[in-house]
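One structure below.
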Amino acid sequence: MNNPDIARIFEEMADLLELHGENAFRVRAYRNGAKAIMELDEAVAAIVEDESKDLQSYSSIGKTLADKCRTLVETGRLPQLEKLKAETPEVLIKMTRIPGLGVKKAMALQTELGIETLEELKEACEQEKVRALKGFAAKTEKLILDGLEIAEAASQRIRLDQAEKLVHRINEHLKGCDAIDQMEFAGSFRRGKETIGDVDILVVSQNHDAVMDQLEAFTGVVSVIVRGDTKMSIRVDEQFQVDLRVVPAESFGAALQYFTGSKEHNVAVRSRARKMGLTVNEYGVSKLDDPYNYIAGKTEEEVYEALGLEWVSPELREGRKELTWAENRNETPELLELEHIVSDLHMHTTASDGANSIEQMADAARERGLTHIAITDHSKRVTMANGLDEARLLEQWKKIDDFNKKQDDGFRVLKGVECDILEAGPLDIADEVLAEADWVIASVHYGQKQSRQEITDRIVGALENPHVHTIAHPTGRLIGSRPPYDVDLHTVFQAAVEQQKSLELNASPRRLDLSEENLLQAAQMGIPITINTDAHAVTGMEVMRFGVTQARRAGLTREQVLNTWALDELLEWLS
DNA sequence: GCCGTTTTCGGCCCGACTGTTTTCAGTCG
């Protein structure tokens, strides 16, 4: 029973308790507990077994959740969850996924009409039986019929890079609207989350109708979900939701703060306000006893300032430690910025499966303001990528030596390799050849389905090889399409600390591996992080910004990231 | 269920939109 398992169970408890109409604060307590456990830098199991440690000393974990953690670690089960599950008809959970159908209505349908499946629900609507119930009418029947398909589809989130494309399209479309005075995309997109559940647009305008008409005319609009005076939601590209909010200019900052979230961050901000005798909504900050007289709201800075806080970077707004930092001034980590990056240490060329030469990759990197890169083509095991054997590697490195000699601006290409960790454990390239490299990345491409023990041993074994400097994409996950290997990351992190090795944050928006939670833990353990694009062509280098955003979300500073170090600093560390 | 520079009990963020009601409950973000 590892931390993500326990967190998932608490999330499930929260969902089920919510479905049963439990106290909303109790539900939130389970959610907060799940989040806290996901972000814990040690294993709950280890804390339970260690007499000197107390789970209750961690924030959001009280007596009850601590007890449940102990039960889970010791027995692998949670009787309360099993009881709740047994008491909850499956169809209830499914029905609440229909937009507009919440717990109360789902419960009424289930108990009063005896609905057991979504199919039966559909029939009941078609036979106009639903409208007979109190609180239901013809429109609700139609709402349910329309929403059934959405409920069947898995809740879909899109990757940050896909969201960026959609945002760009909407931005281009809305730019043509003269009624818009100010516009910002908020929500999880602004916070730079790896996946986005919906797009949130904030607009300042005197003419709400003109803005909403313009959005409604956007290509790809499937339906208008709601449209009121200040708020509109549409569905685009099949099932993706876009929310629009129109506010007056003097409220723009407060609305941006509110609309950027996260929900947890906003709860923390508003709780703090209450303790100060203030209240915050999307229109501004005001005194509790004079709620309509706003004392701040035009800018976000003003809103935070009114609460005695420094402005908080959107990437940090997740209800973790950001308010404590912002309150104590100068405690917020100085977050990594794209401009700090001077190297890219994982890329491929035509020698393996890349599309460009060493020279082309180097030129492109130089144009991006980098001072050094590492060429790291695949090793021979990756046959489908035309991986290099020892002889071809040595030949390539000779070319790199020649290339470096010709550079008069100090630009340097490091001789590297992305060396496979073979299924049985050893590395794909002989040690005496690896010893010649400037930079060695080890990675898993085959045998991803191995057991936890096997795959963890392979990666730890690679870290113990004196020639290896980092592990590429340490969990192998592909966002939305492939789960991580069953690797014990805590053990990998400990090995990295002991061996003084780095770990990669692969910047590809499909990977972003390590994940944000993983990064938080790795950084706390002091492991230097390498952010690399894994570019297979010169255009592939542009994904660096996604890696930087992910690092910022984990609170990483310049010092913690190898790619910000000058060449001589890096070489010294390598030696 | 958690938490405390008012509190170990009694709070817990705040508001918009819709449908079904005639003043509001339910849902959502």
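All chains are named by letter (A, B, ...) in the order of the sequence lines, taking the proteins before the strands, and each is independently numbered beginning at 1.
Rounded to whole Å, the separation between the P atoms of B/dC2 and B/dC13 comes to 16 Å. Nucleotides B/dT6 and B/dG11 are separated by 12 Å at their C1' atoms, to the nearest Å. For the P atoms, the distance from B/dC9 to B/dC14 is 25 Å, rounded to whole Å. Rounded to the nearest Å, the gap between the C1' atom of B/dT20 and that of B/dG26 is 11 Å. The same atom, C1', is picked in B/dG1 and in B/dT5; the two are 23 Å apart, to the nearest Å. Taking atom P in both B/dT27 and B/dT21, the straight-line distance is 14 Å, to the nearest Å. Comparing the P positions of B/dT18 and B/dC12 gives a spacing of 29 Å, expressed to the nearest Å. Separation of the C1' atoms belonging to B/dC17 and B/dT23 is 16 Å when rounded to the nearest angstrom.
With sequence neighbours left out, A/Arg553 forms a salt bridge (charged side-chain N to carboxylate O under 4.0 Å, His left out) with A/Glu318, A/Glu516. Among residues two or more places apart in sequence or in another chain, the ring pair (Phe, Tyr, Trp, His ring centres under 6.0 Å) test is passed with A/His173 by A/Phe218.
Here B/dT8 sits opposite no nucleotide as a Watson-Crick or G-U wobble pair (both hydrogen-bonding atom distances under 3.5 Å).
With respect to A/Ile6, the side-chain contact (heavy atoms from CB on, under 4.5 Å) criterion is satisfied by exactly one of A/Leu40, A/Ile37, A/Leu65: A/Ile37.
Residue contacts for A/Asp243: at a heavy-atom cut-off of 4.0 Å it reaches the sugar-phosphate backbone alone, with no base atom in range. A/Lys63 comes within contact range of the sugar-phosphate backbone alone, with a heavy-atom separation under 4.0 Å but no base atom that close. Among the heavy atoms of the strands lying under 4.0 Å from A/Arg28 is at least one base atom, whether or not backbone atoms are also near. At the heavy-atom level, A/Val269 lies nowhere under 4.0 Å from the strands shown. Here A/Ile98 lies in heavy-atom contact (under 4.0 Å) with sugar-phosphate atoms only. Residue-level contact check: A/Asn266 touches neither bases nor backbone, having no heavy atom under 4.0 Å from any strand. Residue A/Val27 is classed as having no contact, given no heavy-atom separation below 4.0 Å to the nucleic acid. Using a 4.0 Å heavy-atom distance criterion, A/Lys142 is classed as making no nucleic acid contact. Backbone-only engagement by A/Gln241 is indicated by non-hydrogen atom pairs under 4.0 Å involving sugar-phosphate atoms exclusively. A/Ser233 comes within 4.0 angstrom of no nucleic acid atom, judged by non-hydrogen atoms across all strands. Across all strands, A/Leu101 comes closer than 4.0 Å only to sugar-phosphate atoms, never to a base (heavy-atom distances).
Protein chain A contacts DNA chain B from B/dG1 to B/dG29, reading 5' to 3' and using non-hydrogen atoms of the protein with a distance under 4.0 Å.
Between A/Arg227 and A/Asp209 there is a salt bridge, since a side-chain N of the basic residue sits under 4.0 Å from a carboxylate O of the acidic one. The pair A/Glu172-A/Lys175 meets the salt-bridge criterion, with a side-chain N (NZ, NE, NH1 or NH2) lying under 4.0 Å from an Asp/Glu carboxylate O.
In this structure, A/Tyr283 and A/Arg270 both approach DNA chain B, and ranking their closest nucleotides by distance from the 5' end singles out A/Arg270. Two residues, A/Asp198 and A/Thr230, neighbour DNA chain B, and the one matched to the more 5' nucleotide by heavy-atom proximity is A/Thr230.
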*Using the side-chain hydrogen bond (donor to acceptor under 3.5 Å, both in side chains) rule, take A/Asp243 and A/Ser233 through it: C-alpha gap first, then chi angles, then the decisive distance, then the call.*
CA-CA 4 Å; A/Asp243 296 334; A/Ser233 291; 2.7 Å; yes
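In this structure, A/Ala273 and A/Val280 approach most closely via the heavy-atom pair CB-CG2, 3.6 Å.
Using bins of under 30°, 30° to 60° and over 60° for the plane-to-plane angle, the ring pair A/Tyr283/A/Tyr294 lands in the tilted bin.
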